[in-house]
Amino acid sequence: MSKTFADKVRDVVRQIPKGKTMTYKEVAVKAGNPKAARAVGAVMRSNFNRDIPCHRVIYSSGQLGHYNRGGTLRKKAILKAEGALK
DNA sequence: TAGTTGACCGGAA
DNA sequence: ATTCCGGCCAACT
């Protein structure tokens with residue numbers, strides 16, 4: 001397994017279906033480290049690509065996390081557009 | 001190599 | 001409800 005945590009995270013986040021939101025912890029669990037929620041954010045922040053719908057990743061508290069340029073508002077708009085948000 | 005930072009999480013005050 | 005603290009992990013300097 002030459003895949004690093006970052007690679008796994010990217011793969012997992014990319015598999016998130018449209019109109020669906022996943023928490024950082026869930027992603028961390030699927031990535032292989034249930035306690036690496038923080039690392040997930042750190043990795044995404046350094047690897048945020050258009051291939052990765054990082055906007056579909058939110059807090060486990062149900063709150064929208066941060067986002068590149070704009071922050072929460074951006075995510076809200078995207079989630080609303082995808083139907084993930086009410 | 002080691003130390004600091006951060007897009008987190010959960011619990012406590 | 002808000003604020004603070006400790007813990008885990010990866011990336012950056």
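We name chains A, B, ... by the order of the sequence lines, and we start the count at 1 in each one.
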**Q.** Rounded distance (Å) that lies between atom P of B/dG10 and atom OH of A/Tyr24
**A.** 14 Å

Q) Which listed nucleotide (C/dA10, C/dG7, B/dC9) is nearest to the side chain of A/Arg38? A) C/dG7

Q | Rounded distance (Å) that lies between atom C1' of B/dA7 and atom CE of A/Met22 | A | 17 Å

Q. When rounded to the nearest 0.5 angstrom, what is the spacing between CG in A/Asn47 and CG in A/Asp7?
A. 8.0 Å

Please list, pair by pair, any protein nitrogen or oxygen found under 3.5 Å from a nitrogen or oxygen in nucleotides 11-13 of chain C.
unit_1: C/dA11; atom_1: O3'; unit_2: A/Ser46; atom_2: OG; d: 3.3

**Q.** Residue pair A/Phe5 / A/Ala36: nearest heavy atoms and the distance that separates them
**A.** CZ-CB, 3.3 Å

Q) In Å, rounded to the nearest 0.5 Å, how long is the span from CZ of A/Arg56 to CE of A/Met22? A) 10.5 Å

Q. What nucleic acid atoms does A/Ala36 come within less than 4.0 Å of, heavy atoms only: base, sugar-phosphate, or nothing?
A. sugar-phosphate

Q: Could you grab the distance from atom CZ of A/Arg14 to atom CD1 of A/Ile52, nearest 0.5 Å is fine?
A: 7.5 Å

Q | Gap separating the CE atom of A/Met44 from the OH atom of A/Tyr67, nearest 0.5 angstrom | A | 10.0 Å

Q | Distance, rounded to the nearest Å, where A/Gln63 contributes CD and C/dA1 contributes C1' | A | 13 Å

Q: Whole angstrom is fine here: how far is it from NZ in A/Lys3 over to P in C/dA10?
A: 16 Å

**Q.** Approximate separation, where rounding is to 0.5 Å, of A/Ile58 CD1 and A/Lys25 NZ
**A.** 13.5 Å

Q. A/Lys35 side chain N/O closer than 4.0 Å to the phosphate oxygens (OP1, OP2) of C/dA10?
A. no

Q) What integer distance in Å separates A/Lys25:NZ from C/dC8:P? A) 13 Å

Q. Does a side-chain N or O from A/Asn33 land closer than 4.0 Å to OP1 or OP2 of C/dA10, or not?
A. yes

Q: Measure from the side-chain heavy atoms of A/Ala37 and tell me the nearest of B/dC9, C/dC9, B/dA7.
A: B/dC9

Q) So which nucleotide from C/dC9, B/dC9, B/dA7 ends up closest to the side chain of A/Ser60? A) B/dC9

Q: Sort out for me which residue in A/Val13, A/Asp11, A/Val12 forms a side chain to side chain contact (heavy atoms under 4.5 Å, CB included) with A/Lys30.
A: A/Val12

